[in-house]
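Here the structure comes first, spelled out in structure tokens, and everything after it is commentary.
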Amino acid sequence: MYEVKLDAFNGPLDLLLHLIKEFEINIYDIPMKSLTEQYMQYIHAMNRLEINVASEYLVVASELLMIKSKMLLPQHDADDLEEEDPRDDLVERLIEYQNYKEYTEILSQYKTDREQYFSKPPSDLSHLESQETWDENETIDLTELIIAYQRIKNRVALSKPTTVNVHKETFTIQEATSKFNDRLKEHESFNFFQLFTFKESLEVVVTHFLAMLELSKSGIINIEQEKNFTDIEIFRGVNYEHS
């Protein structure tokens with residue numbers, strides 16, 4: 001003799017829930033006659049296969065037969081107090097088992113999902129701990145705090161990638177040089193800012209300034225400025241005639 005589980009039933013209550021679902025039985029209004037017959041057929045099948053029927057299956061079988069017999073007893077008069085339904089205890093146990101079964105499936109799914117993650121054990125970082133102690137009486141100078149903040153701010157700014165836009169050159173130094181020469185042909189001197197209407201782009205202004213420096217370096221023009229940020233006067237240089 002040996003024990004096995006048929007159709008993966010985990011006990012008699014699991015078998016009863018299977019039969020209730022299989023035959024679409026209302027768990028709150030169980031027809032005891034048909035449910036008991038189906039359950040006993042299962043027990044008899046196990047006996048025919050010479051399978052050792054667990055005692056718990058036989059206990060539930062006796063309970064079903066007892067409930068069935070009570071249901072067959074004649075009903076009392078309506079004037080009597082309403083008697084307790086003999087199926088109530090069985091229904092309560094089935095619902096409770098069904099809830100536990102559903103909770104088991106949910107927890108099993110949680111376990112399966114958790115097994116997809118790997119948890120790193122905590123690392124020992126005690127050797128990195130600072131041995132410095134804080135003196136509660138020590139104060140921090142506000143100026144030093146501001147300087148430290150500024151250093152951190154500058155470090156963060158430097159760590160951020162900078163974006164540079166490169167544009168194709170549209171106004172060349174040669175073109176700016178030609179404008180200087182045209183102006184010097186008519187005037188021995190002129191003001192640098194007279195070259196602009198101040199509607200030009202920054203590129204045009206910078207290109208004129210670079211051309212002015214190149215002409216001054218070659219001796220074609222001389223430039224004078226009384227002090228910073230004042231007007232720049234441009235004169236014909238010693239090499240102007242040879243330009």
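Using a cutoff of 4.0 Å between basic side-chain nitrogens and carboxylate oxygens, Arg93 and Glu63 are scored as salt-bridged. A salt bridge between Glu115 and Lys111 is present, with a side-chain N of the basic residue lying under 4.0 Å from a carboxylate O of the acidic one.
Remark: side-chain polar atoms of Arg87 are not paired, donor with acceptor, to backbone N or O of Met32 under 3.5 angstrom. A donor-acceptor contact shorter than 3.5 Å links the side chain of Glu200 to the backbone of Thr197. Panel note: side chain Glu175, backbone Thr172; a donor-acceptor pair is recorded below 3.5 Å.
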Requested in this report: Assess whether side-chain contact (heavy atoms from CB on, under 4.5 Å) is satisfied between Gln194 and Arg183, documenting all intermediate values.
Outcome: CA-CA 10 Å; Gln194 292 176 350; Arg183 184 61 63 94; 3.8 Å; yes
Report task. Starting from the C-alpha separation in whole Å, work towards a yes-or-no answer on side-chain contact (heavy atoms from CB on, under 4.5 Å) for Leu195 and Phe190. Result -> CA-CA 9 Å; Leu195 297 172; Phe190 61 93; 3.9 Å; yes
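Minimum heavy-atom separation, Tyr240 to Ile220: CB-O, 3.5 Å. What you find for Ile43 and Tyr57 is that their closest heavy atoms are CD1-CB, 3.9 Å.
Within a 6.0 Å sphere centred on OH of Tyr100, other residues, nucleotides and ligands contribute 12 heavy atoms or fewer.
A distance below 6.0 Å separates the ring centres of Phe171 and His208.
Defined by atom type and a distance below 3.5 Å, a donor-acceptor pair is present between the side-chain atoms of Arg114 and Ser119. In this model, no donor atom of one side chain and acceptor atom of the other lie less than 3.5 Å apart for Gln225 and Asp231.
A side-chain contact (heavy atoms from CB on, under 4.5 Å) with Gln150 holds for exactly one of Ile146, Ile147, Asn154; it is Asn154.
Take Glu37 and apply the salt bridge (Lys or Arg N to Asp or Glu O under 4.0 Å) test, not counting sequence neighbours, and it matches Lys33.
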